[in-house]
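In what follows, a structure is listed as structure tokens, so that the remarks can point back to it.
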Amino acid sequence: MSAALKLYNTLTRKEAEFRPIDPQNVRMYVCGPTVYDYAHIGNARPAIVFDVLYRLLRHVYGEAHVTYARNITDVDDKINARALRDHPGLPLNEAIRLVTEKTETQYHEDVRALGCLEPNIEPRATDNIPQMIEIIEKLIARGHAYVAGGEVLFDTKSMTDYGQLSKRPLDEQQAGARVAVDVHKKTPGDFVLWKLSSHNEPGWESPWGRGRPGWHIECSAMSGRYLGEVFDIHGGGLDLIFPHHENENAQSRCAHGTDVMANVWMHNGFVQVEGRKMSKSEGNFVTIYDLLHTEKFAGRQWPGEVLRLAMLMTHYREPIDFSVKRLEEAERLLSKWPTAEAGDAAPCDTVLAALSDDLNTVAAVQALHALAQEAQSDRTLLPVFAASADLLGVLPKPTEIDEAVAVEIDARVKARLELLKAKNFAEADKIRDTLSAEGIQLKDGKDPASGERVTTWEVKR
RNA sequence: GGCCUCGUGGCGGAGUGGUGACGCAGAGGACUGCAAAUCCUUGCACCCGAGUUCGAUUCUCGGCGAGGCCUCCA
């Protein structure tokens, strides 16, 4: 094993060597999508970033020794609103199911196109309602939650170190500055664990009546159920630090009586458009689907590999300005790389070392690019390149080409060389142009020994 | 008001107390019948001010600027 893995931890605001609780089972939880609408490219960032981490952990600890959970949030008031808007005629449950199923399927297609491996577990909130209720009961029993005004609320004052993650002492916040102070809350910072549902809202039976969970409780329930009371890594976007992760952390710790919920908390920076955060509420978002399948962005479609590489060209904690220029650069890099299949070779040390340094994908991509260039002249490096590229999930796969077609192309290339010998440039160029139009790029070179022209070809990328 | 990031050439981005990576784009050249590909060469930068220092882009302080969280949000 080479350099130790170092990760930046939001909890300590420091980089430190990663030490798993159990190297036989390294556990990571990442906040996944709320399935009410197409995911935008900003949502793609954590999927890609933590996919790289997942690949790295699998490399370091072995594929069988990493558990990656990414949830699907399928109960949320935005979903209800969308269901009512899109399917006004249907019963609510039916309408909600349509919205969540469709969005979830789309999300899976999108992230697959971005080269993301499937997590080991993708729990749904609605499959974990009893687990949520159980935690809430535990919190009430331990004096960390109370019932008021038809809601169960978490009592932030019951905890001496609420604010552990965001470093945000409760009393220094401007209470009521942004959120109206609820009269039934003991403290303005208290948040909902369970709320009652009206008959036209989805609900589940609970000790406090038919209702639905608050936003944060699902992650506590699911991470606890699938990864344990304390696990290794919890990830998500920067905006989740407060309140979402802070509150998850508070709930889980109080319910389980632990010092931390996860040892390492990692947060990715935003994707920006013209210097501003891309978000649904700002309305300045580009969906993954649109980028992949429509010509809405810069008048063309963009392959998933290009989007992925463009994302990895910036360190995950830095903001990314999403631009055509960076996509074009990513595409250009990819087109220069050899295609290969991942084999058993070990990845390049430089790439591995870069990734081990708090997921420095920028340095890793550069090392990979250098390796790609070396591999152009030294084919023995190809397996190492393939393994390294695969670690980042950006390995260009060879285009499947039919044997018969290949033979036919070879014949045309040969014919062109004959025409060139006869100095019939017009006909020779015609063959080149036709092949080009068919997506075949010819590459003329010179045999170093004989000085004869040799021509190779590849499928344009 | 509180709490966080960040400010390097056209772009993406390293890094260091002592002339300043690298990639992409640009420019020039080689090769070519012409292209493409490839190879070689190359211009361009460290937000401002003060301080520490023989010397700061790199350290300290102060500005200025940008962005984020404190409400749903990746």
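Every heavy atom of this structure was used, including side-chain atoms; hydrogens, water molecules and symmetry mates were not. The sequence lines fix the lettering, A, B, ..., with proteins before strands; numbering per chain opens at 1.
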By the 4.0 Å heavy-atom rule, please label [X] as base, sugar-phosphate, or nothing.
{"X": "A:S166", "result": "sugar-phosphate"}
{"X": "A:L420", "result": "base"}
{"X": "A:R317", "result": "nothing"}
{"X": "A:L240", "result": "sugar-phosphate"}

5'-most contact on RNA chain B (nearest-nucleotide basis), A:K78 vs A:A428, goes to A:A428
Any side-chain heavy-atom pair from A:K102 and A:L98 closer than 4.5 angstrom?
no
Compare all side-chain heavy atoms of A:N43 with those of A:D110 and state whether any distance is below 4.5 angstrom.
no
Rounded [atom1] spacing from [N] to [M] in Å:
{"N": "B:rG63", "M": "B:rG1", "atom1": "P", "value": "12 Å"}
{"N": "B:rC31", "M": "B:rG13", "atom1": "C1'", "value": "32 Å"}
{"N": "B:rC69", "M": "B:rG9", "atom1": "P", "value": "26 Å"}

State whether the distance check finds a donor on one side and an acceptor on the other, under 3.5 Å, for side chain [X] versus base [N].
{"X": "A:D444", "N": "B:rA35", "result": "yes"}
{"X": "A:R432", "N": "B:rA36", "result": "no"}
{"X": "A:E329", "N": "B:rG23", "result": "yes"}

Is a donor from one side chain sitting under 3.5 angstrom from an acceptor on the other, for A:D190 and A:Y146?
yes
